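Everything below concerns the one structure shown next.
Residue numbers begin at 1 in each chain, while the letters A, B, ... track the order of the sequences. Just so it is clear, the model here is predicted, and its values are computed rather than measured.
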Amino acid sequence: MGKNKQLTQRSEDFSTWYNELIFRAELADHSPVRGSMVIRPWGYGIWEHMQRALDDMFKETGHQNVYFPLLIPMSFIEKEKDHIEGFKPELVVVTHAGGKELEEPLVVRPTSETVVMSMMAKWVQSYRDLPMKLNQWVNVMRWELRTRLFLRTSEFLWQEGHTLHATTEEAEEHTKIMLGVYRNFMENWMAMPPVTGLKSESEKFAGAVRSYSCEAMMQDNKALQAGTSHFLGQNFSRQFDVTFQSEVGKEEFGWNTSWGVSTRLLGGLIMTHGDDQGLVLPPKIAPIQVVIVPVKDLEDGSVLGKAESMCSELIAQGIRTKVDSRDFVNPGSKFYEWERKGVPIRLEIGPRDLENNQVVLVQRVVPEGQPKKEVLSQLEALGTMSKKLDSLQGLLLDNAVKRREDNSYRKVKTITELKEIMDGPGGYVYTGWCGDPAVELAIKEQTGATLRCIPEEEFRSTKTPHKCIGRDQKSEMEVVWAKAY
RNA sequence: CGGGGCGUGGCGCAGUCCGGUAGCGCACCUGCUUUGGGAGCAGGGGGUCCCCGGUUCGAAUCCGGGCGCCCCGACCA
């Protein structure tokens with residue numbers, strides 16, 4: 001026994017590891033429909049915690065939730081030229097309903113800018129109605145050629161924020177505020193620190209003036225675009241006639257933003273923290289933060305009784321705790337199962353512990369060189385649990401930041417060097433760029449790397465590169481290259 | 001959509017070359033003994049062999065055509 005119970009190791013085959021982990025941790029499964037997935041309770045539970053945290057942040061930044069319909073008239077999607085060009089290949093279109101062919105085909109939303117704008121046009125008359133800040137938690141469909149669980153499925157869950165502002169400055173600022181919200185969430189809840197920045201023209205959202213993104217580095221050193229925030233300018237408001245009367249009585253077009261994160265974040269979570277044992281969950285988004293495993297109960301049921309009373313005390317402290325009281329599963333099996341599912345802390349309690357008023361505490365991840373198991377008094381376990389969860393949360397973030405920086409390269413000057421890194425370990429490569437899209441294309445063709453973003457100031461190198469990596473030209477900006485999901 | 005691999009109880013596979021009435025491990029069910037890192041013994045249940053067609057006395061196996069999944073690319077959150 002044993003061998004086939006283990007996951008494929010990350011070093012052996014990262015993709016296989018990723019897929020196996022999803023099945024073994026019971027996060028998701030393939031649905032009968034090609035490219036779409038069923039999110040199982042454990043996976044959805046994590047998503048719910050992520051949703052809650054994000055939704056709170058959206059409310060704090062003045063947004064209200066709404067619901068727009070799944071179906072959008074084809075003519076709406078076609079209104080904005082770049083928008084339809086970008087989305088056309090991925091559209092799922094409804095042509096029949098009620099046994100008849102529809103007069104106008106309906107698109108299953110790939111994103112909702114168009115229908116939101118069409119309604120905003122009705123709702124907004126005056127500058128006093130602005131800003132209008134809306135968000136919705138919905139499913140969308142994009143018929144992708146190659147799908148991967150969580151990373152790219154034909155249907156996925158996300159939130160899409162849509163705002164309308166009176167001035168370009170305000171809209172642009174809001175785009176950045178939401179990028180910051182995403183970054184904050186990724187760092188402080190998911191412990192997945194992204195590099196943030198501006199997308200190049202060729203990589204921006206179809207229909208946007210400017211797109212900003214969060215680029216998180218996975219354990220295989222590839223980048224995952226984990227969230228985007230777009231400044232749409234008046235591209236959509238002009239097409240949908242979203243106008244308002246300004247303070248001085250002039251009719252003006254509104255300025256829009258839109259931004260979204262999806263269940264792709266779960267893929268990012270797996271590839272940021274997962275190890276060869278399985279998933280690793282940051283405490284803040286773990287459906288269960290502490291699992292208590294009773295080991296060999298006594299005749300009088302006192303071991304289970306103690307486990308349950310400790311559980312109640314932890315729950316009273318606001319810690320999500322569960323006793324695994326299944327009597328038909330061996331303790332060893334339970335240990336492996338909860339590790340596979342990524343539960344941050346496990347408490348083991350048996351007759352021996354009962355006698356000594358102690359408990360065995362096992363952390364899913366510990367700082368290097370520290371033992372995973374420690375024995376401490378029940379009182380101490382209860383008293384320090386909250387602190388331990390916090391420090392584990394911090395440890396995961398520290399580890400991820402370190403990994404990201406350890407795999408970032410800042411003194412690369414030629415495409416040859418870039419290619420060597422891409423063919424070797426991979427990672428983020430910071431270089432100068434003249435701004436010519438032809439350089440982007442050449443680098444993509446030669447190295448497989450794409451321009452992830454023009455990083456925000458704090459990510460830039462202390463020594464600004466002064467030459468473009470691709471041409472004998474002055475560098476106009478520092479950019480980040482990486483292979484991406 | 002191109003290249004490669006694969007579809008056989010829930011999962012992982014053998015059997016396919018060379019046609020003869022489907023098997024192994026894990027999981028599952030029952031009972032007893034166990035329980036501090038994936039338990040042991042005994043008994044038991046479960047499969048239109050991806051689908052459709054063809055060849056044949058007979059097809060998981062041979063032939064034709066579909067469909068699906070995975071991996072690597074190009075496209076994308």
Candidate nucleotides B/U34, B/C75, B/G37, ranked by approach to the side chain of A/N330 - the nearest: B/U34
Could you check which of B/C76, B/C75, B/G36 has an atom nearest any side-chain atom of A/V295? B/G36
Within the 4.0 Å heavy-atom criterion, would you say [X] contacts the bases, only the backbone, or no part of the nucleic acid?
X: A/P351; result: base
X: A/G35; result: sugar-phosphate
X: A/E348; result: base
X: A/V360; result: base
X: A/G260; result: nothing
X: A/S15; result: sugar-phosphate
X: A/K373; result: base

So, does the side chain of [X] form a donor-acceptor pair with the base of [N] at under 3.5 Å?
X: A/D353; N: B/G36; value: yes
X: A/R142; N: B/C76; value: no
X: A/K334; N: B/G36; value: no
X: A/E20; N: B/G12; value: no
X: A/R146; N: B/G2; value: no

Check whether any side-chain nitrogen or oxygen of [X] sits under 4.0 Å from OP1 or OP2 of [N], and answer yes or no.
X: A/H30; N: B/G68; answer: no
X: A/K296; N: B/A39; answer: no
X: A/T111; N: B/A77; answer: no
X: A/T263; N: B/A77; answer: no
X: A/N19; N: B/C69; answer: no

Please tell me which of A/R352 and A/F150 maps to the more 5' nucleotide of RNA chain B, matching each residue to the nucleotide holding its nearest heavy atom. A/R352
Which one of A/E201, A/E203, A/E172 satisfies the salt bridge (Lys or Arg N to Asp or Glu O under 4.0 Å) criterion with A/R210? A/E172
For A/E215, the option from A/R183, A/K483, A/R452, A/R404 that meets salt bridge (Lys or Arg N to Asp or Glu O under 4.0 Å): A/R452
Between A/Q136 and A/E160, is a side chain to side chain donor-acceptor pair (under 3.5 Å) present by the stated rule, with each step listed? CA-CA 6 Å; A/Q136 62 173 358; A/E160 46 179 327; 3.0 Å; yes
For a quick test of reading the model, state the closest non-hydrogen atom pair linking A/P367 to A/L395 and the distance between them. N-CD2, 3.5 Å
Tell which nucleotide pairs with [N], taking only Watson-Crick or G-U wobble pairs whose two distances are both under 3.5 angstrom.
N: B/G68; result: B/C6
N: B/C1; result: B/G73
N: B/G58; result: none
N: B/G45; result: none
N: B/U21; result: none

Euclidean distance, atom CD of residue A/E144 to atom C1' of B/A74 [Å, nearest integer]: 12 Å
Near RNA chain B, which residues from residues 420-429 of chain A have a heavy atom under 4.0 Å away? none
Can you classify the ring geometry of A/H30 versus A/F23 as parallel (below 30°), tilted (30 to 60°) or perpendicular (above 60°)? tilted
Is there a donor in the side chain of A/R10 and an acceptor in the side chain of A/Q219, or the other way round, less than 3.5 Å apart? yes
Would you please determine if the base of B/G38 is stacked by A/Y336, with stacking meaning a centroid separation under 5.5 angstrom and planes under 30 degrees? yes
